[in-house]
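Here the structure is a predicted model, which means the values were calculated and not measured.
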Amino acid sequence: MSEKFLCPVARGMKKLDRDFFKKDVNLLIAKLSNPKAIGEFVRICKNYVLNVPHLKHIITFENTKAVIFKDDIDDINTYRKKLPQNVLDFIDHHNIQILPYKLVLDYSFWKADDILQAILPESLLSESPSGYAQAGHIAHMNLRNEFKPYGAIIGQIILDKNPTIKTVVDKLDTISNEYRVFDMKLLAGENNFITEQHESGCRFRFDFSKTFWNSRLSTEHERLIASFKQGEVVGDVFAGVGPFSVPAGKKGVIVLANDLNPESHKYLVENAKLNNVSGSIKSFNLDGREFIRQSPRFLMEWKNKVGSIDLAKNIKRRRLLPESKKSHLREDVVEAVPIPNFISHYVMNLPGTSLEYLNEFVGLYSRDSEVLKLVNSDDTFKLPIVSVHCFEKFSPDEPEPSSRELHERVHARIVKEIGFPLPIESFNFHLVRKVAPTKPMFCVTFQLPEDVVFKK
C-alpha cells in the first residue's frame, strides 16, 4: 500500500486518541458532467483509478459523479504526462474536469492490526496481540506479559473494530478457586460476563467469569457428538455448561452430566431447559471421581424411577398438501426410548488432569452387587468406551517428539492408571489442537477392558 494510506504512527500510545488518526490525502478526481459516461470512462481508465481496499473510486461530487485517480496521479500540472492518449482523448471529448480532491481518512478506516502496529513499541511489532476468542458478546484475550501494559488500549481498539463485541477481557495466569476457572481482567467495554453462545445448533447461556468455555473447541465438540448414537447413554464426567451434553441430548442421546463447579452445574441445567432436552439429561454436581464411581448406580436408579425417555422427532409438513389436510398433521412424534442398563461412552474433557481420574474405572461394575447383577443379566451389554482429553507437554529444549512418540507417552500414562496392559493399537489418538508450540492437546478413545471394569 502507498505511504499515503499508511496509518499515522504514535509509538507508545497507551490512552487511545482517535483524533490522532485523522489524515488528509491529496488526490485528483475526474468530474463528469454526464454521469452516463462514467461506466465507459472507468473501463478505459481502469489501470489509473484508485484501488485501495475499503475505499470507493467512484464518488458523488457537486451533484454529479466523479472518479478518483490512483494516488501517484495527484498533481494537476503533470497528470496528463501519466495518462495514456486514449484516456486523455476521452477526457477532452467529454469535457471532463480534472480537479484536486482531499480524501479524509480517520480512525474508522484502519483495521485493528494497522492501529496496533502504529502505537506499539518497535520491539513488539513482530507479533500482533489482536487475536482473541469470542463467546457471545465477550472477546477473550491471552496477552503475553510484554503486551499487558498496553492492555487497556488494545482492548479498546478490539472493542471499536468489532461491532458484535461489548466486553474485552484478558485471561490472567492466576486461578483463585478449586474449579480451575482463570481470573480475568476487564480491558474495555461493559462489566457484563453473562453471555450467550450458539454452537452445534444449540443455545448456551453462562457466566464467562465463573465457568469454562472455549469456542476453539467447537469442532472437537461436534466430532465427538457425531460418534454418539441415539438411545445410548453417555457419561459426561466434566460437563461444564453442557457443550457435549446438550447437543447430545438434542440428538436423542441419554446423558448423565456432571460438573464440580456449582456455577457450571447451574448453567448446565439452564441450558438443558433452553434447548428442551431436560428430560434426557440427568445432571450432577459432584467431584469427578465420585461421579465415575457412582455412575452405574445413578443410571440404575434413574431407570428404576422413570423407565424411559421421551424423544421428539420432528416431521416436516408436506408443502403440496391442501390446507385442510395440513391441519391434521402432527408437528412432532414422541417416542418413548427405554433407558439402557449400562453407559456406552464416557467423555472426560478436563485435559489438565483427566488421566488422573482413569483409575476410578477399575472395578466400575464389581463394587456394587446390584449393578453387577443388572449388567450380567443384560444380553446387550458392551464394555464402555472412554474418550479422555489430555495434554502431553514436552520441553522446548528437546527435539520435537514425533506423533508416535507422543502417543506412546500418553499410552504409558493411561496403562499405568488403569493397571492393565492394553496394546497401543487399540487406542485412537486425535490431535485436538496445539495450545502452545510444546503443548499439544489430544483426545484418546479406547474401550475399557473387562479385566478392569469387573476387577474385584
Would you call D207-K266 a salt bridge at under 4.0 Å N-O?
no
Can you confirm whether more than 12 heavy atoms, excluding those of K455, are under 6.0 Å from its NZ atom?
no
Do the side chains of K166 and E190 get close enough for a salt bridge, i.e. N-O under 4.0 angstrom?
no
Counting only heavy atoms from other residues, nucleotides and ligands, does the tally under 6.0 Å from CG of N428 exceed 12?
yes
d(I158 CD1, Q134 CD) to nearest 0.5 Å is 10.5 Å
Tell me whether the guanidinium CZ or amine NZ of K382 lies under 6.0 angstrom from the six-membered ring centre of F342 and within 45° of its axis.
no
Here the pair of heavy atoms bringing I281 nearest to A272 is CD1-CB, 4.2 Å
Is it true that D368 and R297 have a side-chain N and a carboxylate O under 4.0 angstrom from each other?
yes
Using only atom types and a distance under 3.5 Å, with no angle test, would you say the side chain of D114 pairs donor to acceptor with the backbone of W110?
no
Lys/Arg N to Asp/Glu carboxylate O, E392 vs K439, below 4.0 Å:
no
Given 3.5 Å as the limit, does a donor-acceptor pair link the side chain of S426 with the main chain of L422, or not?
no
Please check: side-chain N/O of N275 versus main-chain N/O of C202, any donor-acceptor pairing under 3.5 Å?
no
S264 side chain to T211 side chain, donor-acceptor N/O pair below 3.5 angstrom
no
Nearest heavy-atom pair of S227 and L224: which atoms, and what distance?
OG-O, 2.5 Å
Under a 3.5 Å cutoff, is there a donor and acceptor pairing between the side chains of E199 and H221?
yes
For the residue pair K14 and I153, what are the closest heavy atoms and their distance?
O-CB, 3.4 Å
D106 vs K23, test: salt bridge (Lys or Arg N to Asp or Glu O under 4.0 Å). Steps then yes/no.
CA-CA 6 Å; D106 59 17; K23 184 176 185 179; over 6 Å; no
For V237 and F284: C-alpha separation, side-chain torsions, deciding distance, then whether side-chain contact (heavy atoms from CB on, under 4.5 Å) applies.
CA-CA 9 Å; V237 183; F284 302 86; over 6 Å; no
Can you give each donor-acceptor pair under 3.5 Å made by side-chain atoms of residues 244-253, sequence neighbours left out, with the distance rounded to 0.1 Å?
from : atom 1 : to   : atom 2 : distance (Å)
S245 : OG     : D236 : OD2    : 2.7
K250 : NZ     : G201 : O      : 2.9
K251 : NZ     : I225 : O      : 2.9
K251 : NZ     : A226 : O      : 3.2
K251 : NZ     : F228 : O      : 2.6

Is the closest basic N to carboxylate O distance between R413 and E417 below 4.0 Å?
no
Between F204 and W213, what is the ring plane arrangement, given parallel below 30°, perpendicular above 60°, and tilted in between?
tilted
Please determine whether side-chain contact (heavy atoms from CB on, under 4.5 Å) holds for the pair N341 and K303, giving the CA-CA distance in whole Å, both sets of side-chain angles, and the decisive distance to 0.1 Å.
CA-CA 8 Å; N341 292 324; K303 178 182 176 68; 3.0 Å; yes
Can the ring centroids of F21 and F109 be said to lie less than 6.0 angstrom from one another?
no
E425 atom CD, neighbour heavy-atom count above 12 within 6.0 Å
yes
I'd like to know whether H54 forms a side-chain contact (heavy atoms from CB on, under 4.5 Å) with K111, so could you lay out the CA-CA distance, the side-chain angles of the two residues, the decisive distance to 0.1 Å, and finally the verdict.
CA-CA 10 Å; H54 311 297; K111 297 179 181 178; 3.7 Å; yes
Set out, in order, the CA-CA distance, both residues' side-chain angles and the distance that settles ring-ring contact (aromatic ring centres under 6.0 Å, His included) for F442 and H407, then state yes or no.
CA-CA 9 Å; F442 292 100; H407 295 171; 5.5 Å; yes
Less than 4.0 angstrom from a charged side-chain N to a carboxylate O is my criterion; do E220 and R223 meet it?
yes
Between F193 and M184, does a side-chain contact (heavy atoms from CB on, under 4.5 Å) hold up when you go through it step by step?
CA-CA 11 Å; F193 299 110; M184 56 187 64; 4.2 Å; yes
Check E400 with K434, please: is the shortest side-chain N to carboxylate O separation under 4.0 Å?
yes
